[in-house]
Amino acid sequence: LQENNAIAVLDIRTAKVTAIHGLGFKDYTDPNFKLDASDRDVPGSSNNGIYNVRNWPVYGMYLPDAIAAHKYKNETFLITANEGDARDWPGFAEEARVGSLTLDQPSFAAKGYADVSTGANGLRNNDNLGRLNVTRTLGDENGDGVYEELYTLGGRSFSIWTTGGDQIFDSGFAFEQITYAAAPLFFNTSNDDNAFDSRSDNKGPEPEAVTIGKAYGRSYAFIGLERTGGIMVYDVTNPYEVKFVQYINNRDFRAPVSTEAAKDLGPEGIHFISEDNSPIGVPMIAVANEVSGTTSLYEFAQVK
């Protein structure tokens with residue numbers, strides 16, 4: 001239930017919903033959870049960003065898109081791509097930028113941010129949280145139009161949960177770290193432009209797709225990043241001991257996004273093809289790319 005930040009349990013045999021598990025929130029004051037919150041965080045500039053992954057007094061709603069099931073020792077776990085998605089309907093839109101909101105000064109002072117203004121050092125300044133998109137439906141505890149807390153959309157990560165809705169793993173801020181290391185000049189770019197830092201104010205790399213596959217005696221999660229592009233690969237054989245394997249992005253940032261030379265843009269869905277079903281005798285993944293309209297096949301070879 002993406003826009004409701006929850007997972008529903010459906011009994012297929014009886015066609016009845018038996019439970020709904022809320023997924024809670026990611027606390028970006030936790031050292032393990034950080035984010036780049038602005039696309040315009042160069043002091044004195046109106047249109048430039050920097051790589052600025054750090055803690056902020058914000059909560060993240062996981063709002064997962066794709067979900068996959070993984071079994072380990074006779075127990076089923078759920079793996080989610082925590083994309084984020086705003087409700088934007090006729091007559092109702094939940095998103096607002098922090099800079100447009102009124103913040104409760106005592107509440108944020110208690111978190112170490114006494115200045116909640118739009119001034120040079122203020123929390124609502126574009127260099128800080130001013131540009132970040134958040135929901136207007138949470139954080140205003142007494143409905144007076146003043147926000148004691150802030151909730152942004154998406155977790156910029158993938159998570160592993162029990163079927164009861166308890167989180168046992170989250171990739172934290174690794175996606176922003178890894179993509180920056182891979183393409184530092186195109187950090188948090190979108191799938192329809194090559195602008196540096198253009199998505200930091202709105203879901204970052206935006207994990208969209210996830211699938212699980214077994215290969216060479218191990219289980220792997222493949223997570224597609226809708227905006228900056230590419231596939232994250234993690235070993236999830238033991239969901240309590242998750243390991244990053246590699247990141248690959250079949251995108252040419254030097255080419256205009258409107259041309260074929262840009263290659264793959266906007267991975268939307270991933271399908272795993274086992275070794276037994278593979279036409280080349282090794283496991284593969286097929287990736288459907290929404291923006292470029294391309295489908296790519298990757299072989300998943302064992303490194304010896």
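Along the sequence shown, the residues carry numbers beginning at 1. Not measured: the values here are computed from a predicted model.
Between Arg136 and Glu95 there is no salt bridge, since no side-chain N of the basic residue sits under 4.0 Å from a carboxylate O of the acidic one. In summary, Arg40 and Asp127 do not engage in a salt bridge, as defined by a charged side-chain N under 4.0 Å from a carboxylate O. Comment: Asp39 engages Arg131 in a salt bridge, judged by a side-chain N to carboxylate O separation of less than 4.0 angstrom. Using a 4.0 Å cut-off between charged nitrogen and carboxylate oxygen, Lys203 and Glu83 do not count as a salt-bridge pair.
Summarising the geometry of Gly154 relative to Leu63, their closest heavy-atom pair is N-CD1, 3.9 Å, with the distance given to 0.1 Å. In terms of heavy-atom proximity, Asp36 sits nearest to Ile50 at OD2-O, 2.8 Å. For the residue pair Arg156 and Glu176, the shortest heavy atom distance occurs at NH1-OE2, 3.1 Å.
The side chain to side chain contact (heavy atoms under 4.5 Å, CB included) test applied to Thr237 returns Arg218, Ser219, Asp235, not counting sequence neighbours. In this structure, Asp85 has no side chain to side chain donor-acceptor pair (under 3.5 Å) partners at least two apart in sequence or on a different chain. For Asn249, the side chain to side chain donor-acceptor pair (under 3.5 Å) partners at least two apart in sequence or on another chain are Tyr247. Remark: Asp104 engages Ser107 in a side chain to side chain donor-acceptor pair (under 3.5 Å) (not counting sequence neighbours).
Atoms CZ and CG, from Arg54 and Asn128 in turn, are 6.5 Å apart once rounded to the nearest 0.5 Å. Interatomic distance, Asp115 CG to Leu123 CG, rounded to the nearest 0.5 Å: 8.0 Å. Here the CG atom belonging to Asn188 is positioned 6.0 Å from the CG atom belonging to Asp197, to the nearest 0.5 angstrom.
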### Task
In sequence, state the C-alpha distance, the side-chain angles, and the governing distance for Arg87 and Glu3, and then conclude on salt bridge (charged side-chain N to carboxylate O under 4.0 Å, His left out).
CA-CA 7 Å; Arg87 293 165 291 184; Glu3 289 86 347; over 6 Å; no

### Query
Hey, mind stepping through Tyr234 and Tyr220 against ring pair (Phe, Tyr, Trp, His ring centres under 6.0 Å) and telling me if it holds?
CA-CA 6 Å; Tyr234 279 77; Tyr220 297 92; over 10 Å; no

### Test log, rule salt bridge (charged side-chain N to carboxylate O under 4.0 Å, His left out), inputs Arg97 and Asp201
CA-CA 9 Å; Arg97 294 194 187 274; Asp201 59 324; 2.7 Å; yes

### Pair Ser100-Arg124, side-chain hydrogen bond (donor to acceptor under 3.5 Å, both in side chains): steps then yes or no
CA-CA 8 Å; Ser100 70; Arg124 293 166 55 235; over 6 Å; no

For a quick test of your reading: what N or O donor-acceptor pairs under 3.5 Å do the side chains of residues 273-286 make, sequence neighbours left out?
unit_1	atom_1	unit_2	atom_2	d
Ser274	OG	Asn277	N	3.4
Ser274	OG	Asn277	ND2	3.3
Ser278	OG	Ile280	N	3.2
Ser278	OG	Gly281	N	3.4
Ser278	OG	Val282	O	2.6

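Residues Phe196 and Phe186 place their aromatic rings such that the two centres sit no closer than 6.0 Å. Checked against a 6.0 Å centroid threshold, the rings of Phe272 and Phe300 do not count as neighbours. In this structure, Tyr240 has its ring center no closer than 6.0 Å to that of Phe169.
Other residues, nucleotides and ligands contribute more than 12 heavy atoms inside 6.0 Å of the CG atom of Asn238. Gln302 CD: more than 12 foreign heavy atoms inside a 6.0 Å radius.
For the side chain to side chain donor-acceptor pair (under 3.5 Å) with Asp264, the lone residue among Thr295, Asn191, Asn250 that qualifies is Asn250.
In the hydrophobic cluster analysis, where Ile, Leu, Val, Met, Phe, Trp and Tyr join through side-chain heavy atoms closer than 4.5 angstrom, Leu101 is grouped together with Trp56.
With Phe108 as the aromatic partner, Lys111 meets the cation-pi criteria of under 6.0 angstrom to the ring centre and within 45 degrees of the ring axis.
The side chain to side chain donor-acceptor pair (under 3.5 Å) contacts involving residues 57-68 comprise Tyr62-Gln167, where partners must be two or more places apart or lie in separate chains.
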